[in-house]
Amino acid sequence: MKESPKPRKMLNSLPFLFTTRGASTMFRSPDKNQSFPEMEERILKLWEGDDSFQLSVKNRPVDKPFVFNDGPPFATGLPHYGHLLAGTIKDIVPRYWTMKGYRVERRFGWDCHGLPIENIIQDKLSLHTVKDITNFGVDKFNDACRAGVFTYTKEWRKTVARMGRWVDFDNEYKTMDPGFMESVWWVFKQCFDKGLIYQGYRIQPYSPALATSLSNFEVNQAYKDRQDPSVTLAFQLEAPHHVGDLHAPSTKEESDEQMLVWTTTPWTLPANMAIALHPDLDYTLVRHEGKKYWIAEARRTAYFPEPKAKKGEATPPAATEVLKTCKGRELAGRRYKPLFEYMEYTNDKQYTLLMADFVSADDGAGAVHIAPSFGEEDFQLGQREGLSLFDPLDADGKFMDVVPEWKGIGAKDADKSILQHLKAQGRVFKHETMVHSYPHCWRTDVPLLYRAQKNWFLSLEKPLTDAHGVTKTLKDWMIHCNRQINWVPEHIKGGRFGKWLDGARDWNLSRNRFWGTCIPIWLAEDGDMLCVGSVDELCALTGTKVVDLHKHIIDPLVIKTKDKKTFAADGKEYRRTPEVLDCWFESGSMPYAQRHHPFENADSFDANFPPDFIAEGLDQTRGWFYTLTVLGAALFQKPAFKNVIVNGIILAEDGQKMSKRLKNYPDPNELIDRTCADAIRLFMIDSAAVKGEELKFSEIGVKNIVRAVLLPLWNSLSLFTTYANADHEKGQLSWRPGLAQSASSNELDRWVLSDLQQLLAKVQTEMDAYRLYNVVPAVVEFIDDLTNWYIRRSRRRFWKSEDDQDKNQAYATLYRVLVDFSKVLAPFLPFLAEEIYQILVRELKVPGQPVSVHLCDFPVVDPSLLDAPLNARMALVRQAVNLGRSLRSAHNVKNRQPLRQLIVVVRNQSQKREILDMEDLIREELNVKSVTVSEDESSLVTYKAKANFKSLGAKLGKAMKTVAEKVAKLSHEEIKSLLSGTALKLEEGELVAEDILVVRETREGLVVEASPDLTVALDTSIDHGLRLEMLARESVSKIQNLRKDSGFEVTDRVEVQVKTGSPLFREALETHFAYITAEVLAGSLGFSESIAESEANSLDVNGEFAVFSVSRKV
RNA sequence: AGGUCUGUAGCUCAGUUGGUUAGAGCAUCGCUCUGAUAAGGCGGGGGUCGGCAGUUCAAGUCUGCCCAGGCCUACCA
């Protein structure tokens, strides 16, 4: 064989030129020490040069789309393994459907708006508060956000491409594009016109330092322990006779009873409106030190402990006297004297005892102080009972004029003073402190206030009617749509996501921020509102040409009109509501906004919605998955996606979260350079991470993929090209790629082809159901079948020098398998699959074949190649071989020692044929002279039986146990008779063959191994001839090792010299001269006394000694 | 605190409608094979299937309660 060229370098510079290879070489030989990362970089350039990605899309018909929607990431940070995992899934599925003949457009998208970038810019410009930003200028601030939001796009592009993901970055969408934002307005107006949008209050975490409310995400970042007052107050109740007299104003007639109420937020007391009790809890009136208090019975002893008996005293005098006990509901409506007089009396429920289920008696006094402006539950109760909102705080969280005592003092700061005031009035029953977990402002560390904020909401409770006239509330539509989605893993549908939908509440759409899509509502002073749904509309209404829809551009535009239909001018003035939209609204609008629907491409919308496929992480359940679902249901009463793969979270190897600070994970780019992208992809896909479970990421795991999957495959390719080139050069091979070939007569060939068809069927089934986790194990198993059975068993067929039919069939088969298999692998291992395809197909310029494996059609099952009985037969033979190998091992008979015969005992006639069919294979694999098939195993094994619990259990029920014991005691003969079809009568019933499971025990002193299907025995007697053969094989092995150690090429011819004093060795070498010289490609084999001995070249077989010398024949 | 997922060999995980002695890969130890292979083969060691109850002739599997971990959600006054 000629020097193989250095293909890598050549291809880098001349990617299309293959003709420079020597004419005698058929295939480019893969480098045995190939660096996979280098190979991948080369493939990337090849794709770029060929424009393969664009071709793979354009080659497929427009009217056969597979629609994929990509969730947009933020480019303010670098991609991490979570992105790589989702990205790999987002690559595999589209590649697969492309190869199935669909046109799969893949547009990348960028999330541009929102807090991540606003926070970065605030830090950069040292703008700490909302006021700082407005003083700085919203226009300048937004410009800075725009300029900073794409910091890492280059790194993203590079890493995403390097991972082998094909996605269109040039045609990407951005949520800040005017077209995208216009479509978001359209979506908003659709909701508005359906009556879903309303303005209302919701309790939100509020940072007084920043003068803004915060998102839950921000709140969750800064929970910490905090010491707060824990105060029990005594509210003076009025006389009870006013109960039920709804219109009677307070008489201020005091009773002598007080209500104990617990709070940790004294600053909310000036806004107290009511007290809540649980209707079903017991409340007790006690007399203590001359005063009467109501308290939840369950809390009584916590507040009024029973005095302990002192030594000598019998029963201590009770300090607390129980007067009466009743249910909370019996106290409903009792009035109390308010602590403060800041509020107007607007509702007869004000300052009364109200009933609420959320009240518990776990701690406190079992009665809750209600300030509807300052707590979620308070707010809900206030809404129900018609209480007004009273919020005496200004934007900075300081008391306003209505509370003159604490005017200008911050809410939390006023706690102490308020308590002092109340103590002076005798209203504080108990004052302690407690430590509890409380949210703080993540930027300023100031404790947050929960207060009612005016917001824009999307109602989930409004009825919507679909095209078929069916009416449901939006929430019910969402639940309805969710039923149509194929979730992987399935449990999310009814579990995490389904439950979340069940409990979904109206969506708060507004954010008091700056860099986002504006809420397109203009308000008049009288509360009248206009919703703008497009740029043209805005231009018409304002008479201004607008190209950018960001806040600083839009806010100054005032709409003046008399008539909302004709927009006649000079009427009321409408000004835009200042909020921007929740960014999730933009993400949820992505299916429409990325294609500027309905302003462009409206006619093709139906074909593209809902999309076939999306894939994101588990954390998107409440994020993207949810907002997509809301808007899909709101606009079209349809699900926003048909299939979704939810990936799990990737953890570091130690099971902790990946942490930059702890450096407990390798840098993705460096790992790619150390291992390769294909291996990382496969490692991630071959895990429960593709069904929503977490994955512990380990570099060792990735390296194992290289070792267990990539290298064996690479070596298969290498074997094939090496032998093909060698044979081709010597003119020992007629087969050529692309030549028509008839079906192989060799069982191994037909087996591996059938095995491949089974794999194809499996991959198709699993991919069609989006169960990626079932695909990789099947692929890996096929690699094992291919390398460790097909190729190992076929080696000699490639090695032999005759250009016969068998050899040509072997080449044709392996070639076909490798090419087809490269197509199966293409979605999963896009680089290695491409390299195989390039070497085996593209570089040969086989007519009619695409230039890239990714432009090929996914192989479909060829029923003519599928032969399930053959697969079963081969499984049986492999079992027989395994039993035989096990026997050799157990009895310490080396495989190089040929044995006389193997006896296989079969269970039936068809097995007999199957074993005899493959006798040659078994003989060679087990190194035996003959295989004898027998149907009677009585001489080899003894039968024992076990009860078949499955079949007997149903019949026998309780008698199962006794029968099982009897079955275990059955004799060999009884079992034999049962097996032959005779039923056995027992007290408990009749036994038939199916009711027992036969266990074979080998008879003493025999070399026998049994499995449920087969029994195998080995004749281990060795005669003179067998011994000579063994020595010959040992010699071959030794010589081959010497060849290898000397660095000779596979095809080099050698001369062999032997020194031995052993007559047996001499006889073996002489007898098997032809065999040995053929095996080791020796031109001569002679004896010599002048060979220097070393450990490497001497051979000691059971005391027979020989020394070898091998030299290359020039 | 609630929801949800997970808990099976040293590690990563399979385990069908409940049914024999709970499996695989990796790792480890011993033996072995090999001119494609950094591989392959055979065997060994290694398990109270998170715990406790219950249903059943029979529970890793079904039910209940509890424990641990992850994620999501959450102002309990």
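None of these values were measured; they are calculated from a predicted model. Chain naming here is simple, since letters A, B, ... match the order of the sequence lines and numbering starts at 1 in each.
- Taking the six-membered ring for Trp and the full ring otherwise, A:Tyr626 and A:Trp584 have centroids separated by 6.0 Å or more.
- Residue contacts for A:Ser716: at a heavy-atom cut-off of 4.0 Å it reaches a base atom on one of the strands shown.
- Closest-nucleotide positions on RNA chain B for A:Lys894 and A:Leu695 were compared, and the one nearer the 5' end corresponds to A:Leu695.
- Distance noted for atom P between B:U56 and B:G51: 23 Å (whole Å).
- With both pairing distances under 3.5 Å, B:C26 is matched to B:G10 as a Watson-Crick or G-U wobble pair.
- Nucleotides B:G2 and B:C76, compared at atom P, are 13 Å apart to the nearest Å.
- The separation of B:G46 from B:C26, taken at their C1' atoms, amounts to 14 Å, rounded to a whole angstrom.
- Rounded to the nearest Å, the gap between the P atom of B:U17 and that of B:U73 is 34 Å.
- Within the 4.0 Å cut-off from OP1 or OP2 of B:U34, at least one side-chain nitrogen or oxygen of A:Arg1033 is found.
- Among the atoms of the strands shown, only primed sugar atoms or phosphate atoms (P, OP1, OP2) are found under 4.0 Å from some heavy atom of A:Thr265.
- Within 6.0 Å of the CD atom in A:Gln380, the count of heavy atoms belonging to other residues, nucleotides or ligands exceeds 12.
- Within 4.0 Å (heavy atoms only), A:Tyr723 reaches sugar-phosphate atoms of the nucleic acid but no base atom.
- Side-chain contact check for A:Trp262 versus A:Arg299: every heavy-atom pair is 4.5 Å or farther apart.
- Atom name P, nucleotides B:A53 and B:C13: the rounded distance is 30 Å, in whole Å.
- A donor-acceptor pair is defined here as one N or O able to donate and one able to accept, closer than 3.5 Å; no such pair exists between the side chain of A:Glu616 and the backbone of A:Gln620.
- Of the candidate nucleotides B:C42, B:A77, B:G40, B:C42 has the atom nearest to the side chain of A:Asn882.
- The side chain of A:Arg885 approaches B:G41 more closely than any other nucleotide in the set B:G35, B:C75, B:G41.
- Side-chain proximity of A:Val359 to the nucleotides B:A77, B:C42, B:A38 is greatest for B:A77.
- Following rounding to the nearest Å, A:Arg888 (CZ) and B:G30 (C1') show an atom-to-atom distance of 19 Å.
- One atom, OH of A:Tyr773, and another, P of B:A14, lie 10 Å apart when rounded to the nearest Å.
- Among the heavy atoms of the strands lying under 4.0 Å from A:Ile791 is at least one base atom, whether or not backbone atoms are also near.
- With both ends at atom P, the span from B:U63 to B:U6 equals 13 Å, rounded to whole Å.
- Between B:A9 and B:A14, the distance separating the two C1' atoms is 13 Å to the nearest Å.
- At a threshold of 4.0 Å, the pair A:Asp391-A:Arg451 counts as salt-bridged, since one of the basic side-chain nitrogens sits closer than that to a carboxylate oxygen.
- Look at B:A1: its Watson-Crick or wobble partner, with both distances under 3.5 angstrom, is B:U73.
- Distance, A:Asn647 CG to B:C5 P: 18 Å, rounded to whole Å.
- Within 4.0 Å of A:Arg896, counting heavy atoms only, lie sugar-phosphate atoms of the nucleic acid but no base atom.
- Between B:A36 and A:Arg795, a contact under 4.0 Å exists linking OP1 or OP2 to a side-chain N or O.
- Between A:Asn895 and B:G41 there is no side-chain polar atom (N or O) within less than 4.0 angstrom of OP1 or OP2.
- Checked against B:U73, B:C76, B:A77, the side chain of A:Trp500 finds its nearest nucleotide in B:U73.
- In this structure, B:U63 forms a base pair with B:A53, meeting either the Watson-Crick or the G-U wobble geometry with both donor-acceptor distances under 3.5 Å.
- Between the side chain of A:Arg1043 and the base of B:G35, a donor-acceptor pair under 3.5 Å is found.
- The partner of B:U16, taking Watson-Crick or G-U wobble pairs whose two distances both stay under 3.5 Å, does not exist in any strand shown.
- For A:Phe798 and A:Tyr811, the ring centers sit closer than 6.0 Å to each other.
- Contact annotation: A:Arg707 reaches the phosphate of B:A27 (side-chain N/O to OP1 or OP2, under 4.0 Å).
- Counting non-hydrogen atoms under 4.0 angstrom, A:Thr263 reaches the backbone sugars and phosphates but no base.
- Taking 4.5 Å as the limit, every side-chain heavy atom of A:Phe235 sits out of range of all side-chain heavy atoms of A:Leu260.
- A:Gln897 has its CD atom 13 Å from the P atom of B:U34, to the nearest Å.
- Atom pair A:Leu710:CG and B:A39:P shows a separation of 14 Å (rounding to whole Å applied).
- Atom-to-atom, CG of A:Asp502 to P of B:U73 comes out at 17 Å; the value is rounded to the nearest Å.
- Only the C1' atoms considered, B:G60 is 13 Å distant from B:G19, to the nearest whole Å.
- With rounding to whole Å, A:Glu1079 atom CD is found 10 Å from B:G35 atom C1'.
- A donor-acceptor contact shorter than 3.5 Å is absent between the side chain of A:Arg1033 and the backbone of A:Ile1076.
- Between the C1' atom of B:A36 and the CG atom of A:Asn725 lies a distance of 14 Å, rounded to the nearest Å.
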